[in-house]
Amino acid sequence: MRVEIWSDIACPWCYIGKARFEKGLAGFEHRERVEVVFRSFELDPNRPKGDTAPVVEMLAKKYGRTLDEARGMEEHVAATARAEGLDYRTDGRDHGNTFDIHRLLHLAAGRGRQDALLDLAFRANFAEERSVFDHEVLAGLAVEAGLDEAEARAVLADDTAYADAVRADEREAAELGANAVPFFVLDRRYGISGGQPAEVFTRALEQAWAGYEPAGTDPAAEACEPDGSCPTPQV
C-alpha cells in the first residue's frame with residue numbers, strides 16, 4: 001500500500017504531522033508493507049527566490065497581528081511540536097521560497113534518501129539555526145542525508161533540474177482537491193488532511209487496508225475528512 005504525503009518545509013504542521021503519521025504507522029499491523037512517498041507543495045510559491053523574512057514578522061503581516069500576538073501563535077505551535085518530542089525554535093527562523101528544497105528532495109527520492117533529507121530539512125528549519133533557504137546549508141544537508149555533494153550542488157545550480165517533477169506534484173495536489181498541507185493520500189483511494197493525532201492515522205491505514213481490492217475492481221471508497229472524522233464518503 002502506498003501513502004503519498006504532500007507537504008512543505010515551511011509548514012510547521014507538516015513537521016508535526018510527519019511525526020504523528022510515523023507514530024500512527026508504527027501502530028499499524030502491516031506497516032512493513034507500506035511505501036511512503038513525499039510530494040511537493042509550496043505554501044508561498046510566488047515569493048521571489050532569495051527574499052526571506054523572519055517568521056514572526058511574516059505571521060504578523062499575513063494575519064494582521066501584532067508581533068507579540070504572532071510570537072504567541074508560534075509558541076502555541078511550539079508547544080504542540082514539543083509534546084510530540086520535536087525540538088522547535090520560535091525565534092530566529094526565517095521564511096522564504098521553498099522551490100529549491102523541493103527540487104533537491106526529488107533528487108533524494110531517486111537515490112533512496114528522500115525521507116532522510118526531509119527529516120534533516122525539517123530539523124534545520126524548525127529546531128536549528130540553519131536557514132534552509134541558503135544553498136550552502138542545503139548542500140550540507142544533502143551530504144548529511146547521504147547524497148553526492150557534487151550532484152546536489154549541480155541540481156541547486158540548475159533552476160530547471162527536477163522543476164517539472166515539483167510542478168507535476170503540485171498539479172496533482174490541485175486535481176485531488178488539496179488546498180492545504182499536510183495532505184495524505186492512501187493508495188489513491190482514501191484521503192486525510194492536517195496534522196491529525198497518531199491514532200487517526202492508524203485508523204485510516206487500517207481502513208484503507210481493509211478496503212483494498214485487487215486491480216481491476218472499483219469498490220465504493222470512503223475517506224477520512226480534514227476534521228479527522230472517519231469514515232465518511234470520499235469527496
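Both backbone and side-chain heavy atoms feed into the values below; hydrogens, waters and symmetry mates do not. In this text, all values refer to a predicted model and were calculated from it rather than measured experimentally.
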Any side-chain heavy-atom pair of [X] and [Y] under 4.5 Å:
X	Y	answer
Leu104	Leu117	yes
Thr98	Arg47	no
Leu176	Trp6	yes
Glu22	Asp115	yes
Phe133	Lys49	no
Glu136	Arg153	yes
Thr52	His95	no
Leu67	Glu57	yes

Looking only at non-hydrogen atoms, find the nearest pair between [X] and [Y] and report the distance.
X	Y	value
Asp100	Arg103	OD1-NH2, 2.9 Å
Asp158	Thr160	OD1-OG1, 2.7 Å
Cys11	Phe122	O-CE2, 4.2 Å
Ala204	Leu186	O-CD2, 3.5 Å
Ser7	Phe38	OG-CD2, 4.1 Å
Ala70	Arg65	N-CB, 4.4 Å

**Any side-chain donor near an acceptor of the partner, Tyr88 and Glu74, under 3.5 Å** =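 Short answer, yes.
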**Prompt:** Is a side-chain donor-acceptor pair under 3.5 Å present for His102 with Asp8?
**Reply:**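 Short answer, yes.
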[atom2] on [Y] to [atom1] on [X], rounded to 0.5 Å:
X	Y	atom1	atom2	value
Arg171	Asp169	CZ	CG	9.5 Å
Leu141	Arg123	CG	CZ	11.5 Å
Asp51	Asn46	CG	CG	12.0 Å
Leu43	Asn97	CG	CG	11.0 Å
Glu151	Leu156	CD	CG	11.0 Å
Asn125	Ser131	CG	OG	7.5 Å

Check the hydrophobic clustering (I, L, V, M, F, W, Y; side-chain heavy atoms under 4.5 Å; chains of links allowed) and say if [X] and [Y] are grouped together.
X	Y	answer
Tyr15	Val36	yes
Ile101	Ile16	yes
Leu118	Leu25	yes
Tyr190	Val200	yes
Met58	Phe99	no

Within the distance-only criterion (no hydrogens, no angle test), does the side chain of [X] pair as donor or acceptor with the backbone N or O of [Y] below 3.5 angstrom?
X	Y	answer
Asp94	Ala53	no
Thr202	Gly24	yes
Arg31	Ala26	yes

Could you tell me whether [X] and [Y] make a salt bridge, using a distance below 4.0 angstrom between a side-chain N and a carboxylate O?
X	Y	value
Arg39	Glu170	no
Arg113	Glu144	no
Lys23	Glu84	yes
Arg71	Glu75	no
Lys18	Asp119	yes

**Request:** Anything under 30° is parallel, anything over 60° is perpendicular, the rest tilted; go ahead and classify Phe21 against Phe201.
**Result:**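 Correct class here is perpendicular.
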**Asked** Under 30°, 30 to 60°, or over 60°: which ring-plane class applies to Phe28 and Trp209, parallel, tilted or perpendicular?
**Response**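 Ring orientation, 0 to 90° scale: perpendicular.
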**Request:** Quick one: do Asp134 and Leu138 satisfy side-chain contact (heavy atoms from CB on, under 4.5 Å)? Show the steps, please.
**Result:** CA-CA 6 Å; Asp134 183 320; Leu138 286 179; over 6 Å; no
**Message:** Tell me whether Arg167 forms a cation-pi arrangement with Tyr162, defined as NZ or CZ under 6.0 Å from the six-membered ring centre and within 45 degrees of its axis.
**Reply:**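 No, cation not above the ring by the 6.0 Å, 45° rule.
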**Request:** For Arg2 and Val37, run side-chain contact (heavy atoms from CB on, under 4.5 Å): C-alpha distance rounded to whole Å, both residues' side-chain angles, the deciding distance at 0.1 Å, then the answer.
**Result:** CA-CA 7 Å; Arg2 171 178 283 197; Val37 178; 3.9 Å; yes
**Asked** Got more than 12 heavy atoms from elsewhere within 6.0 Å of NE2, His76?
**Response**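 Open.
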**Residues Glu128, Arg89; criterion salt bridge (Lys or Arg N to Asp or Glu O under 4.0 Å); working and verdict** = CA-CA 7 Å; Glu128 300 171 349; Arg89 293 187 303 111; over 6 Å; no
**Request:** List the steps, then state whether side-chain contact (heavy atoms from CB on, under 4.5 Å) holds for Asp148 with Arg111.
**Result:** CA-CA 10 Å; Asp148 178 78; Arg111 303 295 181 268; over 6 Å; no
